[in-house]
Amino acid sequence: MPRISTRRNGLLACCAALSLWLVACGEPPDEPTAAPPAPAAPAAPDTVVTDFVSRLKPTDPYRDPDPTERQTARRAVTLLVTGDQSGLPEASGLLAKLGFTASRGRDPQTGRDYALFVTGAGAERPWGLIMVDLSQPVRLAVEVPHPNSDLHTEDIGLRLFRATPGSIMLVAGAHRRAGDGRADAAHNSQGLFQLASERFARNRINQIQLHGFAEQSLPGEEMVVSNGQKRSTPALRRTADALDTAGFVACRAWTSRCGELEGTTNTQAEAARKQGAVFVHLEITWAVRRAEDRRADLVAALVAADLPRR
C-alpha cells in the first residue's frame, strides 16, 4: 500500500509539472478581445457640403423615386420636421433604405448638434443632402435646388442654416442638367426634393429657396424676391426691406417685372401656394455670389428679415 501511494503521488507531481511547462512553454493564453475603435468624428458640415456639391456633374444619371421609395421618403421627412428628436432613429433607418448615409455631429462653428443625411453623387439614387439642426424644433427650410450650377448658393445656404437655429437644409442630389434635364429639382414634381418641400409646406415650415442669375439677365439688379406669384406676403416684404437696408438692389416681383426670374414655374412654390405656406424664392446675381464678403452680408440681411416668422 505505501508503494502504491508513492507512485500516485509521483504521478500527480508529474502532471502538475507538465501543466506548468505547458503554460510556460506552450501557446500563450488568449488575450481579452480589444474593444472596437470609436467611430471617427464626422467631417465639418462645410467640408461635407462642399465636397458633395463639387462632385455633381451634368452628365450624371438620374431617376425619380418609385412609389414605394416616395412613401418611405415622405415618412422620413415628416419624422425629421415634427416634434422632438424621438423620431430621428426611425427617420435615419428609413433614409438608409433610400441610399442615404447618416451621421451626427456638433458643428464646430456654432456648437450646435446636427444630423446629416447624404446620398452619393452620381449614384443610382442621387437624391440629395439633408441636414437638420437639432438644437430646437425645425422652423425654417433652406433649399438649394441647383448645386454646382447656381454657384455658391450652397455656401449661402449653409451660412443661413448656421445663422438660424432650428433650420433644415435641403440640397438637390444631382446637377440640374443630369438625366437629360430631368434632375432639375425646381421644375421636377416627382423628385425627392419636391416631396420634401411639400412636407415642409404641409407642416407650416417657412421655406427660402436660393437661385442664381447672370448680370445680363437683369442688368442693374442684384436680387429678385418673389414667391412664384405676382403678389406679396409679409415674409417677402420683410426680405426685400432687409436687403434694401443692407445696401442690395432688389427687384420686387409683386411690383415690377424682374426679367422672368420670378419663379412662376417653380414646382415647390406652387405646392407651397396650395398649402398656404410661406415660400421665398430668391434669385442672386453672380456679382454677389462670387464675393465671400457679399455672401456674408446677404446672409446677415436674411437673418434680419426673420424668415421663420410668417
Side-chain angles (χ1 to χ4, degrees), residues 38-56 76-77 79-81 84-85 87-89 91-92 95-96 98-123 126-175 185 192-193 196-197 200 205-212 282 284 289-290 292-300 302-303 307-308:
D46 43 355
T47 301
V48 176
V49 172
T50 300
D51 180 68
F52 173 76
V53 169
S54 70
R55 294 173 182 269
L56 304 180
V77 175
L79 287 167
L80 290 178
V81 300
D84 54 25
Q85 297 179 32
L88 190 59
S92 298
L95 289 170
L98 299 174
F100 284 84
T101 298
S103 63
R104 291 183 64 170
R106 177 159 293 175
D107 187 347
Q109 192 171 113
T110 66
R112 300 195 303 268
D113 290 340
Y114 65 89
L116 179 64
F117 308 90
V118 59
T119 57
W127 294 334
L129 180 150
I130 303 171
M131 185 160 54
V132 189
D133 180 281
L134 300 177
S135 66
Q136 58 180 270
V138 174
R139 61 198 188 106
L140 178 68
V142 181
E143 300 172 359
V144 180
H146 297 148
N148 213 19
S149 178
D150 292 353
L151 300 179
H152 298 308
T153 50
E154 79 287 347
D155 178 69
I156 296 168
L158 179 58
R159 289 169 183 262
L160 183 56
F161 171 89
R162 283 172 153 166
T164 312
S167 292
I168 184 168
M169 182 176 175
L170 176 66
V171 182
H175 192 281
L192 190 143
F193 194 96
S197 179
F200 302 153
I205 295 169
N206 293 3
Q207 302 173 67
I208 179 168
Q209 192 169 106
L210 304 169
H211 294 260
L282 184 65
I284 310 161
R289 286 181 286 122
R290 70 186 176 190
E292 184 174 358
D293 59 339
R294 302 212 70 198
R295 297 198 300 270
D297 291 343
L298 169 58
V299 170
L302 294 176
V303 171
L307 291 169

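Quick note: residue numbers are just sequence positions, from 1. Keep in mind it's a predicted model, so treat the numbers as computed, not measured.
More than 12 heavy-atom neighbours from other residues, nucleotides or ligands sit within 6.0 angstrom of CD on Q136.
Legend: residues meeting side chain to side chain contact (heavy atoms under 4.5 Å, CB included) with A123, ordered by chain and number and at least two apart, are absent. The salt bridge (Lys or Arg N to Asp or Glu O under 4.0 Å) check on D150 picks up R176, with sequence neighbours excluded.
Closest non-hydrogen pair, I156 versus V299, comes out as O-CG2, 3.8 Å. When all heavy atoms of L56 and A121 are compared, the closest pair comes out as CD2-CB, 3.7 Å. The minimum heavy-atom distance linking I205 with A141 is given by the pair CG2-N, 3.7 Å. In terms of heavy atoms, A172 sits closest to P147 at O-CG, 3.5 Å. Here the shortest heavy-atom pairing between P145 and A185 reads O-CB, 3.7 Å. In terms of heavy atoms, H152 sits closest to R290 at CD2-CA, 4.0 Å.
Considering only heavy atoms from C-beta on, F161 comes within 4.5 Å of L158 through its side chain. Contact annotation: the side chain of Y114 never approaches that of M169 to less than 4.5 Å [non-hydrogen atoms, C-beta and beyond]. Looking at E292 and D155, their side chains never come closer than 4.5 Å, going by heavy atoms from C-beta outward. At least one side-chain heavy atom of L302 sits less than 4.5 Å from a side-chain heavy atom of L282.
T119 places a side-chain N or O within 3.5 Å of a backbone atom of W127 that can act as its donor or acceptor partner. Looking at R289, its side chain does come within 3.5 Å of a backbone N or O of I284 through a donor-acceptor pair. Judged purely by atom type and a 3.5 angstrom limit, N206 uses its side chain to pair as donor or acceptor with the backbone of L307. Judged by distance alone, the side chain of S92 and the main-chain N or O of L88 form a donor-acceptor pair under 3.5 Å.
Rounding to the nearest 0.5 Å places CG of D293 at 9.0 Å from CZ of R295. To the nearest 0.5 Å, atoms CG (L160) and CG (L210) are separated by 7.0 Å. Here the CG atom belonging to L116 is positioned 10.5 Å from the CZ atom belonging to F100, to the nearest 0.5 angstrom. How far CD of Q207 is from CG of L170: 9.0 Å, rounded to the nearest 0.5 Å. Between atom NE2 of residue H146 and atom CD of residue E154 there is a gap of 13.5 Å, rounded to the nearest 0.5 Å. For the atom pair CD (Q85) and CG (L80), the distance works out to 10.5 Å, reported to the nearest 0.5 Å.
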- Task: Give the intermediate values and the outcome of side chain to side chain contact (heavy atoms under 4.5 Å, CB included) for residues V48 and L129.
- Result: CA-CA 9 Å; V48 176; L129 180 150; 4.2 Å; yes
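Within the structure, salt bridge (Lys or Arg N to Asp or Glu O under 4.0 Å) pairs that include any residue of residues 126-143 comprise R112-D133 (at least two apart or interchain).
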